[in-house]
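What's counted below: heavy atoms across the whole structure, side chains too, no hydrogens, waters or symmetry copies. On a predicted model such as this, the values are computed, not experimentally measured, just so you know. To find a chain, count down the sequence lines: A is the first, B the second, and so on, and within it residues start at 1.
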Amino acid sequence: MTKRPTLFSLILSMPLLLWQLLFFLFPLLFLVAISFWTVRNFQMTPDLNFGNWERVLSRGVFWDAYFRTMVLATTAAVVTSIIAFPASYAISFKMSEKAKRWMIFILIIPFFTSYLVRVYSLQVFLSDAGIINAAFAYIGLGPFPMLNNAFGIIVGMVTLTLPLVVLLQTFSLNFVNRDLIEAAHNLRCGRLRTVFAVIVPSAKVGLVIAALFAFILSFGDFVSPLYLGGGNPPTLSIMITDFTKSGQQWPRAAVVAIMMIITLLTAAFAAVTYAYKERGK
Amino acid sequence: MKANAQMEQQSEAIVKFDNVVKRFGNFTAVEKADFEIGRGEFLAIMGSSGCGKTTTLRMLAGLEDPTEGAIYLDGEKVNGKATWDRDTPMVWQSLALFPFLTVQENVEFALKMRGVGKEERRQRAEKWLEKMQITEFANRNINQLSGGQKQRVALARALVTEPKILLLDEPLSALDAHLKVRMQAVLSNLQKDLGITFVYVTHSMSEAFSMADRVVIMSRGQIEQIGTPEEIYREPYNRFVAEFLGSANIFDGVVQGPAGADGWQVAYEGGETILPKSERPDARQGQKVTFIVSAENMQLSLPDSGQPGIEASVAGEEFIGGTAMVFLETAGGQELKVQKSHDELSVLNLHPGSKVVVHWESGSCHVLPGENK
């Protein structure tokens, strides 16, 4: 049965439609247009110049940054998912309804403070003279470099995405049919094995979407690579700011941005397809 | 013959509930359950929702632990033993099939958990798919099956390890009437073929009485009666069971004295009747007796026939296949039920408000032993 949208439902969806047109689709089209413009004497002029694309895509620096960003975001998504899962599991399965509500409230608190502020405080924590290395020094170890490298970036990204991932995982685990877990136990599947054989596959859609969000947020993150990673070698988002700052190269920045959008769309499509894939015919 | 077989079964019980109590906080879900289940028996536990029947089954499965008392499975005390260490597969009301696995993978699940090799797993699963006539769906996704097919997958998944006992928690409640009857036949035949014990929880009298060897009737955590369907139907133990079965008229009477050699004269509100002495050999004058007369043993006459009995007026009628249930109300406000064939009723020409006289043979009275002990 195909459903035709009624006039009423069309009117209801107008605000969303307008917003998306004004602040997403038009800027996106503009971005695509800009990527073909020409810059002369620090001035942009409308053009159909494929040179920007050629320049950016043919340079090793771009591809190095591309793969570096990819690896960082993937690592952050995997690490966040693994750290988040036991917590989400405990909230969803071991807590009373009242405790659950409190935990969800507590998980939202990090969104109250600016990400930038949190990253600054992480600098204090992670630097060679920071609290963690001071603790290591106390027992005669270190200092371990934790700032201005990949470790620092991952710490920042995980900190950024962890609350959201725990929330998404918890919601998806709440929808796991409790009968399935008892049925698994009843069919001789022990507690830990049930987690991997029944709970994870049952909550697959939510777990994959949560990891996808962590990937998307980390992939586009600019703050952690700059303030915790030192900005060099650059990630794609740092590359974008570099292009705009040096010589008004907005067109090249646009090329990088479009490559990022294509990558995220592909990743999202692949993740959703995988999440909803069903077994059997 | 049947009694002998039962004796044998009971002496070789596979399950024994020894004064089992289950409390959830202040709420007592099961109160002093004390019964045995015979090897190869089809036992139904019946009652309305919240009566403790599912809790009883879950304690047997190891999904709940008794608060007091002991449960023995195959002679071994299983209190505190987790469900994954028992051999008590269960079929859920929701069926609880794994939607992320194919039909075949669902059936193989328990074997995989036991570390059975891939090839043997496949063979054993295929055998059960064939037995349940679902071989053609082996590679299907669970969500693409009909209700009846899912039911068969759930049975195959539970039985693939060839257990001695199968627990079923209202497995047919989601099916339509026609399919329900077909699946009842499947279950009955399966139980006979396998010769294993089935413990079947249901709120439906027709399911329990048509399949079970014995029925346990529960209410508010208590076991009200255990017996064969026939025993329960003919001789309900107390008022609750008689009311639950719904086809008997209940009377509260007082023994007046002997009536002949083998009867008691009993007075009740609205009349007097004679109870067979065998129903209550030790009765004394003035003793209270609660007795029932089943709806199909009640007779109806018109008031002008001169037949002694209870006067009542017709409140309504309900068709039950070839018969009808006539609902009556006495002057004292008691409601009575009389089941008669359409032919008998057409002679009387009844309509709502008609006056009738209700009477019965003294032999059709049955005293409820559980009342006025």
Side-chain angles (χ1 to χ4, degrees), chain A residues 1 81 85 88-89 92-99 168-212 270-281, chain B residues 54 57-58 60-64 81-116 136-145 153-154 156-161 163 165-171:
Chain A
M1 202 173 70
S81 293
F85 187 79
S88 313
Y89 177 85
S92 181
F93 288 96
K94 307 290 173 195
M95 286 189 181
S96 67
E97 287 303 314
K98 199 178 167 188
L168 291 173
Q169 286 188 349
T170 304
F171 290 141
S172 67
L173 290 175
N174 282 344
F175 281 102
V176 173
N177 180 354
R178 274 28 184 186
D179 278 357
L180 295 187
I181 296 165
E182 287 198 333
H185 289 336
N186 183 244
L187 295 167
R188 294 221 162 188
C189 190
R191 252 190 256 272
L192 186 63
R193 198 162 184 191
T194 300
V195 172
F196 295 104
V198 175
I199 296 174
V200 169
S202 292
K204 190 173 100 179
V205 173
L207 300 180
V208 171
I209 300 286
L212 175 66
V272 172
T273 308
Y274 169 74
Y276 283 97
K277 201 177 83 183
E278 287 203 328
R279 297 298 316 278
K281 286 177 275 185
Chain B
T54 297
L57 193 75
R58 288 171 59 83
L60 186 51
L63 297 166
E64 305 283 356
K81 195 172 179 184
T83 187
W84 51 76
D85 290 327
R86 298 187 191 191
D87 215 357
T88 48
M90 183 155 144
V91 177
W92 265 256
Q93 185 169 10
S94 69
L95 299 182
L97 295 170
F98 302 126
F100 45 86
L101 299 178
T102 64
V103 168
Q104 171 124 10
E105 287 166 339
N106 263 279
V107 177
E108 284 184 15
F109 189 86
L111 297 173
K112 198 173 173 185
M113 294 305 129
R114 287 163 185 230
V116 174
E136 58 187 300
F137 310 114
N139 294 316
R140 287 272 184 94
N141 184 287
I142 293 296
N143 296 326
Q144 286 162 332
L145 303 184
V153 178
R157 185 181 71 171
L159 290 166
V160 73
T161 55
I165 186 166
L166 179 69
L167 312 180
L168 303 108
D169 184 12
E170 307 223 23

Exercise. Does any non-hydrogen side-chain atom of B/R58 lie less than 4.5 Å from one of A/E182?
Worked result: yes
Problem set entry | A/L187 and B/F98, any side-chain heavy atoms less than 4.5 Å apart | yes
Do you know which of [options] has the most heavy-atom pairs with chain A at a distance under 4.5 angstrom?
options               : result
B/S94, B/A82, B/A158  : B/S94
B/G62, B/A96, B/A61   : B/A96
B/R114, B/R86, B/Q104 : B/R114

For this session: Answer yes or no: does atom NZ of A/K204 have more than 12 heavy-atom neighbours from other residues, nucleotides or ligands under 6.0 Å?
Result: yes
Problem set entry | Interchain contact, A/R178 with chain B, by part (heavy-atom threshold 4.5 Å) | neither
Kindly give the heavy-atom pair with the smallest separation between [X] and [Y], and that separation in Å.
X      : Y      : answer
A/L180 : B/F100 : CD1-CE2, 4.5 Å
A/N186 : B/M90  : OD1-N, 2.7 Å
A/G190 : B/W84  : CA-CD2, 4.2 Å

Exercise. If you tally heavy-atom pairs under 4.5 Å against chain B, which of A/S202, A/A197, A/P201 wins?
Worked result: A/P201
Exercise. Could you give the distance from OG1 (B/T83) to CZ (A/R188), rounded to the nearest 0.5 Å?
Worked result: 9.5 Å
Exercise. Which distance, rounded to the nearest 0.5 Å, do you find between the CD1 of A/I181 and the CG of B/L63?
Worked result: 12.0 Å
Heavy-atom cut-off 4.5 Å, strictly under: side chain, backbone, both or neither for [X] against chain A?
X      : result
B/E105 : side chain
B/T161 : neither
B/N143 : side chain
B/L111 : neither

